[in-house]
Peer 1: 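Would you mind keeping the following structure in view while I ask a few things?
Hydrogens, waters and symmetry mates play no part in the numbers below; they use all other heavy atoms, side chains included. Fair warning: this is a prediction, and the values are worked out from it, not measured in the lab. Numbers for residues simply follow the sequence, beginning at 1.
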Amino acid sequence: MERINPFSFYEFSKQLAECAALKTGTPAQVAFWPILNAKNAMEELLKGLPIPLGVSRGKAQQLRDQIDTIMSRRFRATGSDDEPTFRFPAEEDPGMEEWELHWIRSGMREFETVFAEEMRETTMYFVPRRGIYHTPALVDEADSTFPADLQPHIPQKAKDDWKAAGRCLAFNLLSASGFHVARAVEACLEAYYQLFSGKPGQTLNGWKDYIIALEKIAATNPTPSPTKKTLAELDQMREDYRNPIVHPRVLLTEGDARMLFANGESVIIAMAQELAQAASGVQATLNLQGGAGAPIGALPPAAAQP
């Protein structure tokens, strides 16, 4: 999949149109740039810019060669080393002849006929914006939604799946987006478990096993420790989204996919924050105030890590 700039088609057609509009007797100095620009436009198209050519490639090459023949006749000279060089026309050079312009215009008509048919068969789509997400960012860099300071604490495989989730959401592949969100969260959950269990490299069978193991760790009040709030969010996401989307009969709507995307972003950031704080030796607390001003969810005094 490649992104193209639709305006490039306008620029391409404009350059050919300026060349086709030349009249018999047009001074060579005036005709030089439109003819050169048309030649360059055809060469870019033959390189596959903005899109690769199919059946119209033969006519495109023919047109490019016809324009190049006029360029060679009018605007090239032989240098001291016997190599051809560009020569900007002088004022006394004769104006453009009718046969020269007719030859270029006939080549353009033949190319246009075949190119128009090819473009009718070319698949192009407009991707509408999803909520507040900027479409190019959602397609190419969805993982930039995570704060920069937390990026080092999010596993690369989680970022890769998150980028896939964003791309699927942009292209309305809603159930696929949800699947990749769940994979991204699980990749981060793996790292989360391995840090707090002190068992790097160990993996468990599924989300429920990770959550149960982490709840047992949290119950002993070690420092650092996974928070009950994050574990509760993970368990709710497991029940509401992760388990249902593995069944082929469940299809996500755009609303479902966007809620899951937002939910996954929240829980990954929560885990990454705790991973970052654990790495720096700071125990996580919530910045919400309870009834008497005490932080809600603040943990008991730290105990030694068993």
Peer 1: Quick one, Glu44 and Gln15 - any side-chain contact, counting heavy atoms below 4.5 Å?
Peer 2: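 SC-SC contact between Glu44 and Gln15 ruled out.
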Peer 1: Between atom NE2 of His102 and atom OG1 of Thr24, what is the distance when rounded to the nearest 0.5 Å?
Peer 2: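 With rounding to 0.5 Å, NE2 (His102) is 11.0 Å from OG1 (Thr24).
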Peer 1: Salt bridge or not for Asp160 and Lys163, using N-O below 4.0 Å?
Peer 2: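 Salt bridge: no.
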Peer 1: Nearest 0.5 Å please: distance from the CD atom of Gln273 over to the CG atom of Leu275.
Peer 2: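 Reported to 0.5 Å precision, the distance equals 10.5 Å.
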Peer 1: Taking the basic N atoms (NZ, or NE/NH1/NH2) and the acidic carboxylate oxygens, is any pair closer than 4.0 Å for Lys157 and Glu186?
Peer 2: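 The answer is no: the pair does not qualify as a salt bridge.
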Peer 1: Looking at Glu98, I'd like to know if its CD atom is crowded, meaning that more than 12 non-hydrogen atoms belonging to other residues, nucleotides or ligands lie closer than 6.0 Å.
Peer 2: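 Count over threshold, so yes.
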Peer 1: Nearest 0.5 Å, please: how far is CG in Leu63 from CG in Asp65?
Peer 2: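 One gets 9.0 Å once the value is rounded to the nearest 0.5 Å.
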Peer 1: Before giving the answer on side chain to side chain contact (heavy atoms under 4.5 Å, CB included), spell out for Trp162 and Ile154 the whole-Å C-alpha distance, their side-chain angles and the decisive distance to 0.1 Å.
Peer 2: CA-CA 11 Å; Trp162 193 259; Ile154 300 174; over 6 Å; no
Peer 1: Hey, does Asn172 have a side-chain heavy atom less than 4.5 Å from the side chain of Leu174?
Peer 2: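 Contact flag for Leu174/Asn172 side chains = yes.
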Peer 1: If every non-hydrogen atom of His180 is compared with every non-hydrogen atom of Cys168, which pair is closest and at what distance?
Peer 2: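 Smallest interatomic distance, heavy atoms only, reads CD2-SG, 4.0 Å.
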Peer 1: Looking at every heavy atom in both Ala182 and Arg242, which two are closest together, and how far apart are they?
Peer 2: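 So the two residues come closest at CB-CG, 4.1 Å.
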Peer 1: Report the distance from atom OG1 of Thr122 to atom CD of Glu117, rounding to the nearest 0.5 Å.
Peer 2: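 Those atoms lie 11.0 Å apart.
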Peer 1: Backbone N or O of Thr135 within a donor-acceptor pair of the Arg130 side chain at under 3.5 Å?
Peer 2: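 No, Arg130 side chain to Thr135 backbone: no donor-acceptor pair under 3.5 Å.
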Peer 1: So Leu204 and Ile212, do their side chains get closer than 4.5 Å, heavy atoms only?
Peer 2: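 No, too far: nothing below the 4.5 Å cut-off.
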Peer 1: Check step by step if salt bridge (charged side-chain N to carboxylate O under 4.0 Å, His left out) holds for Arg105 and Glu112.
Peer 2: CA-CA 10 Å; Arg105 285 195 289 265; Glu112 182 180 345; over 6 Å; no
Peer 1: Out of curiosity, does Tyr10 fall in the hydrophobic cluster containing Leu53 (side-chain heavy atoms, cut-off under 4.5 Å, transitive links)?
Peer 2: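 Different clusters.
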Peer 1: Atom CZ of residue position Phe7 - does it have more than 12 heavy atoms of other residues, nucleotides or ligands inside 6.0 Å?
Peer 2: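 Atom CZ in Phe7 is crowded, with more than 12 foreign heavy atoms closer than 6.0 Å.
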Peer 1: Does atom CD (Gln236) have a neighbourhood of more than 12 heavy atoms from anything else shown, all under 6.0 Å?
Peer 2: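 Counting neighbours around CD of Gln236, 12 or fewer heavy atoms of other residues, nucleotides or ligands fall under 6.0 Å, so no.
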Peer 1: Could you check if a side-chain atom of Leu195 sits within less than 4.5 angstrom of a side-chain atom of Pro200, using non-hydrogen atoms only?
Peer 2: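 A side-chain contact is absent here, since even the closest heavy-atom pair is not under 4.5 Å.
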Peer 1: Donor-acceptor pair, distance only, cut-off 3.5 Å: does the side chain of Thr230 make one with the backbone of Thr227?
Peer 2: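 Answer holds: no.
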Peer 1: Looking at Lys47 and Glu43, is there a salt bridge between them, counting it only when a charged N and a carboxylate O are closer than 4.0 Å?
Peer 2: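 Looking at Glu43 and Lys47, the cut-off is not met.
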Peer 1: Using atom types as modelled and distance alone, determine if a side-chain donor or acceptor of Ser72 lies under 3.5 Å from a backbone N or O of Asp68.
Peer 2: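 Checking the backbone N and O of Asp68 against the side chain of Ser72, a donor-acceptor pair under 3.5 Å is found.
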Peer 1: With under 30° as parallel and over 60° as perpendicular, where do the rings of Phe88 and Trp33 fit, or are they tilted in between?
Peer 2: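 The rings of Phe88 and Trp33 sit tilted, inter-plane angle from 30° to 60°.
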Peer 1: Short question: side chain of Ser266, backbone of Ala262 - any donor-acceptor pair under 3.5 Å?
Peer 2: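 No, because the side chain of Ser266 does not come within donor-acceptor range (under 3.5 Å) of the backbone of Ala262.
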Peer 1: Any idea which heavy atoms bring Leu231 and Ile211 closest together, and the distance?
Peer 2: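 Heavy atoms of Leu231 and Ile211 come nearest at O-CG2, 4.4 Å.
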Peer 1: Is a side-chain donor or acceptor of Ser225 paired with a backbone partner of Asn221 at a separation under 3.5 angstrom?
Peer 2: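 Judged by distance alone, no pair lies under 3.5 Å.
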Peer 1: Ring centres of Phe12 and Phe9 under 6.0 Å apart?
Peer 2: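 That pair fails the under 6.0 Å test.
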Peer 1: Among the clusters formed by ILVMFWY side chains lying less than 4.5 Å apart, do Ile4 and Leu46 turn up in the same one?
Peer 2: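 Yes: a chain of side-chain contacts under 4.5 Å links Ile4 to Leu46.
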Peer 1: Between Pro89 and Ala28, which heavy-atom pair has the shortest distance, and what is it?
Peer 2: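 Distance-wise, the nearest heavy atoms are CG-O, 3.4 Å.
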Peer 1: So do Phe32 and Asp93 actually touch side chain to side chain, heavy atoms under 4.5 Å?
Peer 2: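 No, too far: nothing below the 4.5 Å cut-off.
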Peer 1: As an exercise, state the distance from CZ of Phe179 to CG of Leu260, rounded to the nearest 0.5 Å.
Peer 2: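 Reported value, rounded in 0.5 Å steps: 12.0 Å.
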Peer 1: Please answer: with hydrophobic residues joined when any side-chain heavy atoms are less than 4.5 Å apart, are Met108 and Met119 in the same cluster?
Peer 2: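 Hydrophobic grouping puts Met108 with Met119.
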Peer 1: Should we say atom CD of Gln156 is surrounded by more than 12 heavy atoms from elsewhere, each under 6.0 Å from it?
Peer 2: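 Yes, enclosed.
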Peer 1: Keeping Gln62 on the side-chain end and Gly107 on the backbone end, is there a donor-acceptor pair under 3.5 Å?
Peer 2: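 Checked: no pair found.
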Peer 1: Would you check if the side chain of Arg167 reaches a backbone N or O of Val139 as a donor-acceptor pair within less than 3.5 Å?
Peer 2: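 Flag set: sc Arg167 to bb Val139 pair under 3.5 Å.
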Peer 1: Minimum heavy-atom separation for Cys19 and Ala38, please, with both atom names.
Peer 2: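 Heavy atoms only, the tightest pair is CB-CB, 3.8 Å.
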Peer 1: Calculate, to the nearest 0.5 Å, the distance between atoms CD and CE belonging to Glu254 and Met259 respectively.
Peer 2: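 Going from the CD atom of Glu254 to the CE atom of Met259 covers 11.0 Å.
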Peer 1: Would you mind reporting whether Lys216 and Ser197 have side-chain heavy atoms less than 4.5 Å apart?
Peer 2: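 The answer is no, as the side chains (C-beta and beyond) never meet within the 4.5 Å cut-off.
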Peer 1: Please name the pair of heavy atoms, one in Tyr193 and one in Leu214, separated by the smallest distance, quoted to 0.1 Å.
Peer 2: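 Scanning both residues, the minimum pair turns out to be CA-CD2, 3.9 Å.
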Peer 1: Check whether any side-chain N or O of Thr220 sits under 3.5 Å from a backbone N or O of Ile217 as a donor-acceptor pair, and report yes or no.
Peer 2: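 Yes, because the side chain of Thr220 sits within donor-acceptor range (under 3.5 Å) of the backbone of Ile217.
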Peer 1: Is it true that Lys59 and Glu118 make a salt bridge, defined as a side-chain N closer than 4.0 Å to a carboxylate O?
Peer 2: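 Between Glu118 and Lys59 there is no salt bridge, as every charged N stays at least 4.0 Å from the carboxylate O atoms.
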Peer 1: Are any side-chain N or O atoms of Ser106 and backbone N or O atoms of Trp103, one a donor and one an acceptor, separated by less than 3.5 Å?
Peer 2: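 At least one qualifying donor-acceptor pair exists.
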Peer 1: Using the side chain to side chain contact (heavy atoms under 4.5 Å, CB included) rule, take Arg64 and Ile67 through it: C-alpha gap first, then chi angles, then the decisive distance, then the call.
Peer 2: CA-CA 5 Å; Arg64 189 272 314 275; Ile67 297 174; 6.0 Å; no
Peer 1: Take Asp235 and Trp207 through the side chain to side chain contact (heavy atoms under 4.5 Å, CB included) test and state the conclusion after the steps.
Peer 2: CA-CA 8 Å; Asp235 201 35; Trp207 286 37; over 6 Å; no
Peer 1: Got a donor-acceptor contact below 3.5 angstrom from the Arg258 side chain to the Thr253 backbone?
Peer 2: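 Answer holds: no.
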Peer 1: Would Val181 and Asn263 count as a side chain to side chain contact (heavy atoms under 4.5 Å, CB included) here? Give the steps.
Peer 2: CA-CA 9 Å; Val181 167; Asn263 196 351; over 6 Å; no
